[in-house]
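What follows is a set of notes on a single structure, which appears directly below.
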Amino acid sequence: MPEEKKIDWYSISEKLHKYYGGKIETIPKVPVRTLNDFAIWYTPGVAEPSMRIAKDPELSFEYTSRWNTIAIVSDGTRVLGLGKIGPEGAYPVMEGKGLIFKYLGGVDAVPLVHRARDPEKFLELLELVEPSYGGINLEDIESPKCFYILEEARKRLNIPVWHDDQQGTAAITLAGLINALKIVNKDIKDVGIALVGTGAANVALYRLLKAYGADLKKITAIDSKGVLHPDRPDIDKLMVSNKWKYQIAIETEGGGKRGGVPEAMEGADVVIAASKPGPGTIKKEWVSKMAKDAIVFAEANPVPEIWPWEAKEAGARIVATGRSDFPNQVNNSLVFPGVFRGVLNVRAKTITDEMAIAASLEIARFAEEKGIHEDYIVPTMEEWEVYPRVATAVALKAIEQGLARKVMTRDEVYQMSLEIIKSTMDKYKLLYKNGLIKDIPKEVNI
Amino acid sequence: MYEPGLTIKEAEEKHIEDLVNMTVRFYRFNEEFDPAYSTKPEIDGLARAYIQESFEKEDVLLLVACWNDKPVGFARTEIRRNMLIKNEKYGTLIELYVKPRYRRQGVASKLIQETKKKLAEKGVYHIAAQFPAMNVIAERFYKKNGFRPWTQIFIQEVG
């Protein structure tokens, strides 16, 4: 039975964050041959692009870095599994996300943590800062507030808004599910699905499943009070307090099931848990009562709802978790860099659920081409070729839906994505190789 | 007689079980908005008496919405009077409830339409609706159905 790795990531991380003073910085990308060149990049020359943009604000995407810059926005109300740790506490997480955005997607992403906990204030803030950015990545916001903010922000802003804890997690889960179903030879329309936990990830996944063609009457969603169904005593309250869960209850009618997680899992083909860290949140005997060739996604971090080996012992055929040290890591990082690379390339106005599904399908296809099996249903982060592919799929869907300001061919988007992602990696490697990015100090033993 | 589809009719004794169930749900929901709406623990039994009484009262209108003959919603309206006002009789919707899976299909609006019709037959000129001040969904619903804010009721604890 595998033991938890003994590396103390917490202590190492603390030391290195202090050593480097954060993780990202801005570096110029234009030549400064002599200081006279500032007359081009700054006054007086800069007045000309400014004047042109003033007449036509859309030109800000041509003359400034806006086209490739997004904000990673959080109020710090639900950071990782840590809860309400405040905006300053959220900053390292946002900065880490910025690092991944740049490294894997070539996207310039800057943290924007703030104190606007009230959803209306939060939305006002997004509207106020919209001119600075080409997109917004929402992060670590408590549920159900996050649903409202995403929904409204998508309506009010003319740049893409994405909430990674919803769409990112949902999209990679769907990608994994698509391939898992191929392996067990079942169709999405026929499978019974239990969604354990109805927070950001599973509510968004439900939306994607619906758009992807799952039979809603075969979906059973479970929250802390049990199966969501229209006859639950608190159903009217849900209509007011969480209309997203209410809608799931009405549309699925509990998938014909009542009770809690064990009842929901009985006979189900798929269980997708995005709930409380385990072990033991999902029990072996519940898995053993699932249908043949059961698919188990246990996505809680740091400890999955059920250990993969336990799920397998209980009869699960395919198991996925959120962890990199087990096979089949359901990892948002496979999604968001490519999604934003795609929408920024074609200057999409929004990111629709169909675009998220396009990302899922492309990730699934990528893994399938490499050869899927029980322990490989999604690519790993090292397979960086997946990012330009995702970018292309998302961009083409945006064009197809009439949401792209720039129309490009498949090859053009792909080449542009590839070039940006590759050149970012090359630049980074150059800095690192030349010691301009200092190596990890020897006293930190990693 | 079995009536297919949606029908709105005056409630009958055979609807009592469903009416009691829906009344309890209605009050449990209102409880969410203000402690002054807190229900008694024995609400189930009391709701039965409450509905029973409504059958007997002249100034109460109890309509039920049935889908394929099965009750899916109801509206209970009390007719009140103020002899100083020109149109002295007005009906007030005290309870209006539609079961969750039958919502968003116009059932509540149809209940209101039918209530208005019955009130008019009784010589009533106005229809009012009462609901918790914090219930924004109800507020939106009534505005959409042509109601306007009319009277406000404020509350506080006496002691």
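Every chain is numbered from 1 and lettered A, B, ... according to where its sequence line falls, protein lines coming before strand lines.
Note that NZ of A:K237 and CZ of B:R25 are 14.0 Å apart. Values are rounded to the nearest 0.5 Å. Atom CZ of residue B:R104 and atom CD of residue A:Q247 lie 6.5 Å apart, to the nearest 0.5 angstrom.
Within a 6.0 Å sphere centred on NZ of A:K145, other residues, nucleotides and ligands contribute more than 12 heavy atoms. Residue B:E42 qualifies as enclosed at atom CD: its count of foreign heavy atoms under 6.0 Å is above 12. Few gaps surround CZ on B:R80; more than 12 heavy atoms of other groups in view lie less than 6.0 Å from it. Within 6.0 Å of the CZ atom in B:R81, the count of heavy atoms belonging to other residues, nucleotides or ligands does not exceed 12. Residue A:R78 qualifies as open at atom CZ: its count of foreign heavy atoms under 6.0 Å is 12 or below. At most 12 heavy atoms of other shown residues, nucleotides or ligands fall within 6.0 angstrom of atom NZ in A:K289. Atom NZ of B:K122 sits in a sparse spot, with 12 or fewer heavy atoms from other residues, nucleotides or ligands closer than 6.0 Å.
Pairing each heavy atom of B:Y97 with each of A:D236, the nearest pair is OH-OD2, 2.8 Å. Of all heavy-atom pairs between A:P230 and B:P100, the closest is O-CG, 3.5 Å.
Contact annotation for A:E251: neither backbone nor side-chain heavy atoms come within less than 4.5 Å of a heavy atom of chain B. Proximity to chain A is limited to the side chain of B:F33, based on heavy atoms less than 4.5 angstrom apart.
The closest side-chain heavy-atom distance from B:R103 to A:I250 is not below 4.5 Å.
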> Checking side chain to side chain contact (heavy atoms under 4.5 Å, CB included) for the pair B:I137/A:M239: CA distance, chi angles, key distance, verdict?
Replying inline: CA-CA 9 Å; B:I137 293 181; A:M239 183 175 65; 3.8 Å; yes
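A salt bridge between B:R101 and A:D231 is present, with a side-chain N of the basic residue lying under 4.0 Å from a carboxylate O of the acidic one.
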